[in-house]
Amino acid sequence: MPELPEVETLRRDLDPEIVGREILKGWISENAPRLVQGMPPQVFLDSLARRRFTGTSRRGKYLVLELDDGTAFILHLRMTGQLLLVDPQSVVDPYARARFWLDDGRELRFRDVRKFGTMWHVADRELVLHRLGLEPLSDEFTTAALYAALARRAAPVKAVLLDQHVIAGLGNIYVDEALHLARVHPLAPARDLSRRQAGAIREGAVRVLEQALSNRGSSFRDYVDSRGRPGSNVQHLRVYKRTGEPCLSCGREIVRTLAGGRSTHYCPGCQRRPRRRATRRVAGAGV
DNA sequence: CTTATTCCCTGATTGC
DNA sequence: TGCAATCAGGGAATAA
């Protein structure tokens, strides 16, 4: 599942390869009716033809390919999307959903087993990105900002951290990892957390993302880079998909539960379920 | 505004 | 062993 580190790895690899290249022609599979957002596929293809890549950027899990007319080609890989730079002669398997032939003889190919992936061509990228929250590897991701966001939500902290309107780029893997580093229980109501805990979550998230980035991402089943290679971060994960295995900090067995509708892994030794804040009724303050 | 639920999609996993 | 039911999961849409 591509999250921020996987998308950023892809961006860094792709940038020097595609900047300066022109899209000669494109193709969208008939079998991918939801892939192109906001316009019919043929209009999308016509508007991208003969455009040249001028740069790349990333916002949360969105990859932004900047074009020479000031527009942006934006992609979201969702669950199983892959963006590959290939030889056009290479076998086109049934999961190829889009193909873009470049002027250096190579092809940018979008593969996606589950068809959740989406792409846009927009003049104003904010049309796609404007609702996203804090960018976790930027200066805006401060303890104060995170604490303020957590303080107004009653939902489990895990659910809030997964909400892209709060923080953009964390997914199921790295939220579990960040909470373990921060020693915060995933089901703790977000608004019950202290400023100190918010700070620990911020630090945990940054550390986990930077480590994943240095290992070129976590590959379970589908994630591969633009050359089809998996990342190596799985072997560095502390809790995610380690149910029943010993915690690397305290030795207790990692537990799996459900939070925010997602499978959630944590260490019951390191991440204590918060005692419900003593809801003491102040004498005489009857409601 | 918030929160919970449903949906999209298909290979892998689980259950009988 | 075989087949059907369930699961996984990002995020949008919908309901309350």
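Just so it is clear, the model here is predicted, and its values are computed rather than measured. Lettering follows sequence order; numbering is per chain, from 1.
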### Message
What does the B/S/- profile of nucleotides 10-16 of chain C look like, 5' to 3', with a 4.0 Å heavy-atom cutoff to protein?
### Response
BBS----

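A:Met119 places a side-chain heavy atom less than 4.5 Å from the side chain of A:Phe44. Under the 4.5 Å side-chain criterion, counting only non-hydrogen atoms from C-beta, A:Thr54 is not in contact with A:Leu67. Side-chain contact check for A:Arg216 versus A:Asp13: some heavy-atom pair is nearer than 4.5 Å.
Listed pair A:Lys115 / B:dT10 meets the phosphate criterion, a side-chain N or O lying under 4.0 Å from OP1 or OP2. For A:Arg153, no side-chain nitrogen or oxygen approaches OP1 or OP2 of B:dT2 to under 4.0 Å.
Nucleic acid contact class of A:Thr118 (heavy atoms, under 4.0 Å, all strands): none. Contact annotation for A:Ala159: no contact, since no heavy-atom pair falls under 4.0 Å across all strands. Here A:Tyr174 lies out of heavy-atom contact (under 4.0 Å) with every strand.
For the pair A:Gln37 CD and B:dC8 P, the interatomic distance rounds to 15 Å; values are reported in whole Å. Distance A:Arg111 CZ to B:dC9 P: 18 Å, rounded to the nearest Å. Between the C1' atom of B:dC1 and the CZ atom of A:Arg152 lies a distance of 11 Å, rounded to the nearest Å. Computed from coordinates, the A:Gln82 CD to B:dC9 C1' distance equals 15 Å when rounded to whole Å. In this structure, CG of A:Leu258 is placed 17 Å from P of B:dT3, rounded to the nearest angstrom.
For CD of A:Glu140, the number of neighbouring non-hydrogen atoms (other residues, nucleotides, ligands) closer than 6.0 Å is greater than 12.
Where A:Val160 and A:Tyr95 meet DNA chain B, the nucleotide closest to each residue was compared, and A:Val160 sits on the side nearer the 5' end.
Taking hydrophobic clusters as Ile, Leu, Val, Met, Phe, Trp and Tyr residues chained together by side-chain heavy-atom distances below 4.5 Å, A:Leu108 shares a cluster with A:Val36.
No salt bridge links A:Lys61 with A:Glu6; every basic N to acidic carboxylate O contact stays at or beyond 4.0 Å.
With ring centers used as reference points, A:His76 lies under 6.0 Å from A:Tyr62.
Among the nucleotides B:dT10, B:dT2, B:dC8, the one closest to any side-chain atom of A:Arg34 is B:dC8.
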